[in-house]
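Numbered from 1 within each chain, the chains take letters A, B, ... in sequence-line order.
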2 protein chains.
Amino acid sequence: METDIRQDVRNKIQSGNFDCAKELTLSMFSGKHKMYILWELRNGDEIHFNQFTRIIPNVSRKVLTNQLNELIQDSIIEKRDYSEGKVKRASYKLTAIGASLIPILTMMYDWGEKRIDQLRIDPVYQTKNFHPDV
Amino acid sequence: METDIRQDVRNKIQSGNFDCAKELTLSMFSGKHKMYILWELRNGDEIHFNQFTRIIPNVSRKVLTNQLNELIQDSIIEKRDYSEGKVKRASYKLTAIGASLIPILTMMYDWGEKRIDQLRIDPVYQTKNFHPDV
DNA sequence: CGGTATCCTGGCGGATACTG
DNA sequence: CAGTATCCGCCAGGATACCG
């Protein structure tokens, strides 16, 4: 099996199969906390590592590091290092490429908001879809 | 753990936490073959089950059924049953809600195409990002 | 402070065979 | 034809502890 969509898409591209445009885009933010990270960075602000750990509910540092590194590898964000001696300090912000992804997230945000409103108003969804066997 | 983003988002919404708009949207097409399915349906066409099995590379019927059913539960697609006697026949097409998702996929497609072009032109990505440790 | 290193687990998705 | 049923392997992501 391969559930790693990033690796999957990379392999396709490297082997000359470029028929995966949507999948490439999806793979940019399909990690569990990536949308959250990108959303926080959307204004162009720099955010420090420990800020993320405080903002994102229940992320371990390992997982956070991992998500950030993947975003860096994909040229979506970039890291700045402020370390002095033993005290490390790092901040992250969007690259130009990453910034170009924000409109998509905004559309997704809008779509989701509207859909949530529908779901709150129309209780049919609750019974018909949230409990399909009723 | 819970990697099931659909369930995750549902739980949030049902428990009154509506702060997951983007995640809800993402959860609509984060199954492995869902984007492919939606893309094929984007014109409003009806597509039969076995057409999908031929179009999508290497899907088992179980997985395909599963992806289709999740999309139905989420009111993204709807099923029509043509069965006569023992011979089953089913087709699937977008709902209005599903159709409203297509512009997002289109944006993702466009973004991915542009990004792929960049990657083909700029070999730096190959060394710097596809092999981060070089 | 900002990471690594280890170990572990739930569940997605694949393979295969059976059914109406 | 269009599914179920069953079994299984893999890996993202969580917990925890250590490091410079």
Take atom CG of B/N58 as the centre, draw a 6.0 Å sphere, and report whether it contains more than 12 heavy atoms from other residues, nucleotides or ligands. no
For [N], does either OP1 or OP2 sit under 4.0 Å from a side-chain N or O belonging to [X]?
{"X": "A/H48", "N": "C/dG3", "answer": "no"}
{"X": "A/K86", "N": "D/dC19", "answer": "no"}
{"X": "A/K34", "N": "D/dG13", "answer": "no"}

What is the distance, to the nearest angstrom, from the [atom1] atom on [X] to the [atom2] atom on [N]?
{"X": "B/Y82", "N": "C/dG20", "atom1": "OH", "atom2": "C1'", "result": "21 Å"}
{"X": "A/N69", "N": "C/dG3", "atom1": "CG", "atom2": "P", "result": "8 Å"}
{"X": "B/Y36", "N": "C/dG13", "atom1": "OH", "atom2": "P", "result": "16 Å"}
{"X": "A/I72", "N": "C/dG2", "atom1": "CD1", "atom2": "P", "result": "13 Å"}
{"X": "B/D81", "N": "D/dA2", "atom1": "CG", "atom2": "P", "result": "10 Å"}
{"X": "B/R54", "N": "D/dA2", "atom1": "CZ", "atom2": "C1'", "result": "13 Å"}
{"X": "A/L64", "N": "C/dG3", "atom1": "CG", "atom2": "P", "result": "8 Å"}
{"X": "B/L71", "N": "C/dC12", "atom1": "CG", "atom2": "P", "result": "14 Å"}

If you find the nucleotide of DNA chain C closest to A/Q51 and the one closest to A/K62, which residue's nucleotide is nearer the 5' end?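 Going by which nucleotide is closer to the 5' end, it is A/Q51.
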Minimum-distance nucleotide (side-chain atoms of [X] versus [options]):
{"X": "B/D4", "options": "C/dC12, C/dG14, C/dG3", "answer": "C/dC12"}
{"X": "A/S60", "options": "D/dG20, C/dC1, D/dA15", "answer": "D/dA15"}
{"X": "A/N50", "options": "D/dG14, C/dG2, D/dC1", "answer": "C/dG2"}
{"X": "A/R61", "options": "C/dC12, C/dG3, C/dC1", "answer": "C/dG3"}

Nearest non-hydrogen partners of B/C20 and B/V9, listed with the distance: SG-CG1, 4.1 Å
Which pair of non-hydrogen atoms, one from A/I37 and one from A/Q67, has the smallest distance, and what is that distance? CD1-CB, 4.0 Å
Would a 4.5 Å heavy-atom cut-off, applied to side chains only, mark B/F29 and A/L26 as touching? yes
Does A/D74 reach the side chain of A/R6, with side-chain heavy atoms less than 4.5 Å apart?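 Yes. Closest side-chain heavy atoms under 4.5 Å.
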A/V63 or A/K88: which one's nearest nucleotide on DNA chain D is closer to the 5' end?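 So the residue in question is A/V63.
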Counting any heavy atom closer than 4.0 Å, what does [X] reach on the DNA or RNA strands: base, sugar-phosphate only, or nothing?
{"X": "B/F52", "answer": "nothing"}
{"X": "B/Q67", "answer": "sugar-phosphate"}
{"X": "A/Y92", "answer": "sugar-phosphate"}
{"X": "A/G85", "answer": "nothing"}
{"X": "A/E84", "answer": "nothing"}

Kindly confirm or rule out a cation-pi arrangement of B/R120 over A/F18, judged by NZ or CZ under 6.0 Å from the six-membered ring centre and within 45° of its axis?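 Yes, B/R120 and A/F18 form such a contact.
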